[in-house]
Student: 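Before I ask anything, here is the structure I am working with.
What you see is a predicted model, and the numbers here were worked out from it, not measured in a lab. Proteins come first, then strands; the chains are lettered A, B, ... in the order of their sequence lines, and each starts at number 1. We use all heavy atoms of the structure for the numbers below, so side chains are in, but hydrogens, waters and symmetry mates are not.
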Amino acid sequence: NAGVTQTPKFQVLKTGQSMTLQCAQDMNHNSMYWYRQDPGMGLRLIYYSASEGTTDKGEVPNGYNVSRLNKREFSLRLESAAPSQTSVYFCASSLTRAPNEKLFFGSGTQLSVL
Amino acid sequence: QKEVEQNSGPLSVPEGAIASLNCTYSDRGSQSFFWYRQYSGKSPELIMSIYSNGDKEDGRFTAQLNKASQYVSLLIRDSQPSDSATYLCAVNRGSQGNLIFGKGTKLSVKP
């Protein structure tokens, strides 16, 4: 049972390069999320998808785009990477967006932008 | 005021002691409260959830909620070195609200 799978695990980019972080879940969850985690800042929500076909901005959406490809997959794209986007990125999913729902996290992507 | 505040620690306790982790939140409309544990280099995992005032116990863990004081805590009894991790408090504001995380408290349990 894989749960939430993220790729890649590590990535180094140069400023201005683009890349897509991939996320897939096999739990038949409706809602998916992208968070970033920085030292001293905690987890911050970038974008979320409440259900297939919808996406919405979170706390820190600038510089990112997302695609909910289907119910299983939710990707995060950096069009022109900046050093400020150096962070650990976590994808998460939940059955619904109800306030009592548990989040299941992927293993994370360590991204460095030079 | 930060939406969810935690003492960053580190909090150091001896093995077998009770570890007490605290969290305050600013939005009185918050409905759901969670504690996630994150080992170094790993992803967060849920260990406790609480939705109503009072205590909720699960094994060695007890979550406490006081909505009037906007305060939620996590007690870990008989602390073990394997409990050494960062504990994240998370608060959900309601049906349309997103989960807001505190910065986490780093716990170290010394053998």
Student: Okay, side chain of S43(B), backbone of G108(A): is any donor-acceptor separation there less than 3.5 Å?
Tutor: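 No, the answer is negative, given that no donor and acceptor are paired below the 3.5 Å cut-off.
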Student: Following the transitive rule for hydrophobic clusters with a side-chain heavy-atom cut-off under 4.5 Å over Ile, Leu, Val, Met, Phe, Trp and Tyr, establish whether L21(B) and Y25(B) coincide in one cluster.
Tutor: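 Linked, L21(B) and Y25(B) end up in one cluster.
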Student: Examine whether an atom of E59(A) lies under 4.5 Å from a heavy atom of chain B, and if so say whether it belongs to the side chain, the backbone or both; otherwise answer neither.
Tutor: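 Looking at E59(A), just its side chain touches chain B.
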Student: Closest approach of Y48(A) and N98(B), non-hydrogen atoms and distance?
Tutor: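 Heavy-atom minimum between the residues: CE2-ND2, 3.5 Å.
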Student: CG/L99(B) to CZ/R97(A) distance, rounded to the nearest 0.5 angstrom?
Tutor: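 Here the interatomic distance stands at 10.0 Å.
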Student: Measure the spacing between CD of Q37(A) and CG of L88(B) and express it to the nearest 0.5 Å.
Tutor: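 These two atoms lie 6.5 Å from each other.
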Student: Measuring only between side-chain heavy atoms, which start at C-beta, is P44(B) closer than 4.5 Å to L43(A)?
Tutor: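 Yes. Closest side-chain heavy atoms under 4.5 Å.
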Student: Give the cluster check for V4(A) versus Y47(A): same hydrophobic cluster or not, with ILVMFWY residues linked at side-chain heavy-atom distances below 4.5 Å.
Tutor: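 V4(A) and Y47(A): separate clusters.
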Student: Any link between F61(B) and V13(B) through a network of hydrophobic side chains (Ile, Leu, Val, Met, Phe, Trp, Tyr) touching at under 4.5 Å?
Tutor: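 Same hydrophobic cluster.
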Student: Are Y33(A) and F101(B) linked, directly or through other ILVMFWY residues, by side chains that come within less than 4.5 angstrom of each other?
Tutor: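 Yes, same cluster.
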Student: What part of F105(A) lies closer than 4.5 angstrom to a heavy atom of chain B: side chain, backbone, both or neither?
Tutor: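 Backbone plus side chain of F105(A), per the 4.5 Å heavy-atom cut-off to chain B.
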Student: Measure Q38(B) against the heavy atoms of chain A and call it side chain, backbone, both or neither at under 4.5 Å.
Tutor: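 Just the side chain, heavy atoms under 4.5 Å.
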Student: How many angstroms lie between CG in N100(A) and CZ in F34(B), if you round to the nearest 0.5 Å?
Tutor: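 Taking CG in N100(A) and CZ in F34(B), the distance rounds to 6.5 Å.
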Student: Go through the atoms of L45(A) and report whether side chain, backbone, both or neither lie under 4.5 Å from a heavy atom of chain B.
Tutor: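 Answer is side chain: those atoms of L45(A) sit under 4.5 Å from chain B.
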Student: Following the transitive rule for hydrophobic clusters with a side-chain heavy-atom cut-off under 4.5 Å over Ile, Leu, Val, Met, Phe, Trp and Tyr, establish whether V113(A) and Y64(A) coincide in one cluster.
Tutor: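 Linked within one cluster.
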Student: Look at atom NZ of K56(B) and say whether more than 12 heavy atoms of other residues, nucleotides or ligands are closer to it than 6.0 Å.
Tutor: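 Yes, NZ of K56(B) has more than 12 neighbouring heavy atoms, counting only those of other groups under 6.0 Å.
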Student: Y36(B) versus L103(A): any side-chain heavy-atom pair under 4.5 Å?
Tutor: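 Yes, at least one pair of side-chain atoms sits under 4.5 Å.
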Student: More than 12 heavy atoms of other residues, nucleotides or ligands under 6.0 Å from NZ of K67(B): yes or no?
Tutor: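 Atom NZ in K67(B) is packed in, count exceeds 12.
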Student: Less than 4.5 Å to any heavy atom of chain B: does that hold for the side chain of Y35(A), its backbone, both, or neither?
Tutor: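 Interface part for Y35(A): side chain.
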Student: Which answer fits I100(B), side chain, backbone, both or neither, if we ask what part of it has an atom under 4.5 Å from a heavy atom of chain A?
Tutor: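 When you check distances to chain A, only side chain atoms of I100(B) fall under 4.5 Å.
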